[in-house]
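Take a look at the structure below.
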Amino acid sequence: MANEEFGPLAGLIGSWRGESGVNVSYDYEQKKVIEETYTEEMTFKIVGDVDNGKQKIWCLDYITAAKRTGSDDIFHTELGFWGWDPARGEVMRCFMVPRMSTILAGGTAKADDTSFSLSAKIGAEDWGVLSNPYLLENAKCTRYESSYKIDGDTFSYEENTVMAMKSMDGKEMDHTDKHTLTRV
């Protein structure tokens with residue numbers, strides 16, 4: 001199987017590591033939004049082509065784990081799939097986190113693109129967000145936006161998860177992550 005079948009996702013295949021991620025999120029102990037740095041390891045593996053009737057998606061599975069700088073404890077992990085539908089020119093990312101929340105984000109790209117963006121929002125029938133009842137009451141994700149750039153052995157991303165926070169009187173906050181990783 002030739003990797004070029006994966007279009008703009010082909011460059012992701014393999015393992016990545018980064019030491020300088022920046023996470024901006026709400027800290028429940030400090031009762032405020034904080035900024036912290038983190039390390040991260042990601043692995044993308046080929047699943048192959050997946051047929052949905054006439055639709056063909058070239059699919060990768062992935063897992064990522066992040067640790068606060070100086071800590072051995074994983075504070076964030078996720079697993080899921082990335083997909084490329086060449087006929088529709090769509091890039092997709094479907095993932096879940098242990099907080100029992102899932103996101104199916106999508107966007108458009110060309111096969112040779114090295115950068116692209118994805119988005120999802122709560123209540124959407126296509127690119128959407130689902131959370132468990134506790135999160136809906138306390139830290140509801142209303143929107144997810146992300147952008148990616150793959151440049152040889154460098155992979156960078158920026159993500160923004162808009163959260164309606166009960167602990168902030170229902171106000172929305174931007175939970176952001178950005179990182180640059182290198183191929184291992």
Show the numbers, then the answer: is there a side chain to side chain contact (heavy atoms under 4.5 Å, CB included) between Asp27 and Val33?
CA-CA 6 Å; Asp27 185 288; Val33 175; over 6 Å; no
Does Asp174 form a side-chain hydrogen bond (donor to acceptor under 3.5 Å, both in side chains) with Thr176? I'd like the steps, not just the answer.
CA-CA 6 Å; Asp174 294 312; Thr176 62; over 6 Å; no
Going through the checks in order, is the side chain to side chain contact (heavy atoms under 4.5 Å, CB included) test met by Leu12 and Tyr148?
CA-CA 10 Å; Leu12 291 175; Tyr148 309 90; over 6 Å; no
So Val22 and Glu35, side chain to side chain contact (heavy atoms under 4.5 Å, CB included) or not? Walk me through it.
CA-CA 7 Å; Val22 177; Glu35 182 176 302; 3.6 Å; yes
What's the verdict on salt bridge (Lys or Arg N to Asp or Glu O under 4.0 Å) for Lys31 and Glu29, showing C-alpha distance, side-chain angles and the deciding distance?
CA-CA 5 Å; Lys31 297 183 176 22; Glu29 289 180 17; over 6 Å; no
Candidate pair Gln55 and Asp85, rule side-chain hydrogen bond (donor to acceptor under 3.5 Å, both in side chains), full reasoning
CA-CA 7 Å; Gln55 180 187 41; Asp85 180 340; 2.7 Å; yes
Applying side chain to side chain contact (heavy atoms under 4.5 Å, CB included), run through Glu90 and Trp127 and close with a yes or a no.
CA-CA 11 Å; Glu90 291 176 340; Trp127 309 124; 4.3 Å; yes
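Residues forming a ring-ring contact (aromatic ring centres under 6.0 Å, His included) with Tyr157 (at least two apart in sequence, or on another chain): none.
Crowding of Arg88 atom CZ: a count of heavy atoms from other residues, nucleotides or ligands under 6.0 Å not exceeding 12. Residue Met173 places its CE atom among more than 12 non-hydrogen atoms of other residues, nucleotides or ligands, all under 6.0 Å distant.
Separating the OG atom in Ser20 from the CG atom in Leu181 is a distance of 8.0 Å, to the nearest 0.5 Å. Atom SG of Cys141 is separated from atom CG of Leu135 by 9.5 Å, given to the nearest 0.5 angstrom. A distance of 11.5 Å separates CD in Glu145 from CD in Glu158, rounded to the nearest 0.5 Å. Here the NZ atom belonging to Lys178 is positioned 15.0 Å from the OG atom belonging to Ser146, to the nearest 0.5 angstrom. Expressed to the nearest 0.5 Å, how far CH2 of Trp84 lies from NZ of Lys56 amounts to 14.5 Å. Annotation: the span from Asp61 atom CG to Trp82 atom CH2 amounts to 13.0 Å, rounded to 0.5 Å.
Within the 4.5 Å cutoff, side-chain heavy atoms of Leu136 are placed close to those of Ile122. Residues Met96 and Leu79 form a side-chain contact, since some pair of their non-hydrogen atoms from C-beta on lies under 4.5 Å apart. Looking at heavy atoms from C-beta onward, Thr142 lies out of side-chain contact with Val129 at the 4.5 angstrom threshold. Proximity of Ile34 to Val24: side-chain heavy atoms (C-beta onward) are nowhere separated by under 4.5 Å.
Lys121 and Arg143 get closest at one heavy-atom pair: CB-CG, 4.1 Å. His179 and Gly18 get closest at one heavy-atom pair: NE2-C, 3.2 Å.
No donor-acceptor pair closer than 3.5 Å links the side chain of Asp151 to the backbone N or O of Thr154. At least one donor-acceptor pair closer than 3.5 Å links the side chain of Asn132 to the backbone N or O of Tyr134. Without hydrogens or angle criteria, Asn160 side chain to Tyr144 main chain gives no donor-acceptor distance under 3.5 Å.
Put simply, Tyr28 and Met163 are part of the same group of oily side chains (I, L, V, M, F, W, Y) that touch within less than 4.5 Å, one to the next. Val97 and Met165 fall into different hydrophobic clusters, defined by Ile, Leu, Val, Met, Phe, Trp and Tyr side-chain heavy atoms under 4.5 Å apart, directly or through other members. In the hydrophobic clustering of this structure, Met42 groups with Ile46; members are Ile, Leu, Val, Met, Phe, Trp, Tyr whose side-chain heavy atoms approach within less than 4.5 Å, directly or through other members.
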Ignoring hydrogens and angles, write down the donor-acceptor pairs under 3.5 Å from the side chains of residues 101-110, residues two or more places apart or on other chains.
unit_1	atom_1	unit_2	atom_2	d
Ser101	OG	Leu130	O	3.2
Ser101	OG	Ser131	OG	3.3

Quick one: side chains of residues 62-78, donor-acceptor pairs under 3.5 Å with protein atoms, not counting sequence neighbours, listed by atom name and distance.
unit_1	atom_1	unit_2	atom_2	d
Tyr62	OH	Glu78	OE2	2.7
Tyr62	OH	Arg93	NE	3.2
Tyr62	OH	Arg93	NH2	3.0
Thr64	OG1	Glu40	OE2	2.7
Thr64	OG1	Glu41	O	3.2
Arg68	NE	Glu36	OE1	2.8
Arg68	NE	Glu36	OE2	3.3
Thr69	OG1	Thr37	O	3.2
Thr69	OG1	Thr37	OG1	2.7
Thr69	OG1	Tyr38	N	3.3
Ser71	OG	Asp73	N	3.0
His76	NE2	Glu78	OE1	2.8
Thr77	OG1	Thr64	O	2.8
Glu78	OE2	Arg93	NH2	2.2

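Remark: the Asn23 side chain and the His175 side chain contain an N/O donor-acceptor pair separated by less than 3.5 Å.
Between Phe155 and Trp16, the distance separating the two ring centers is shorter than 6.0 angstrom. Taking the six-membered ring for Trp, Phe6 and Phe44 have ring centres at least 6.0 Å apart.
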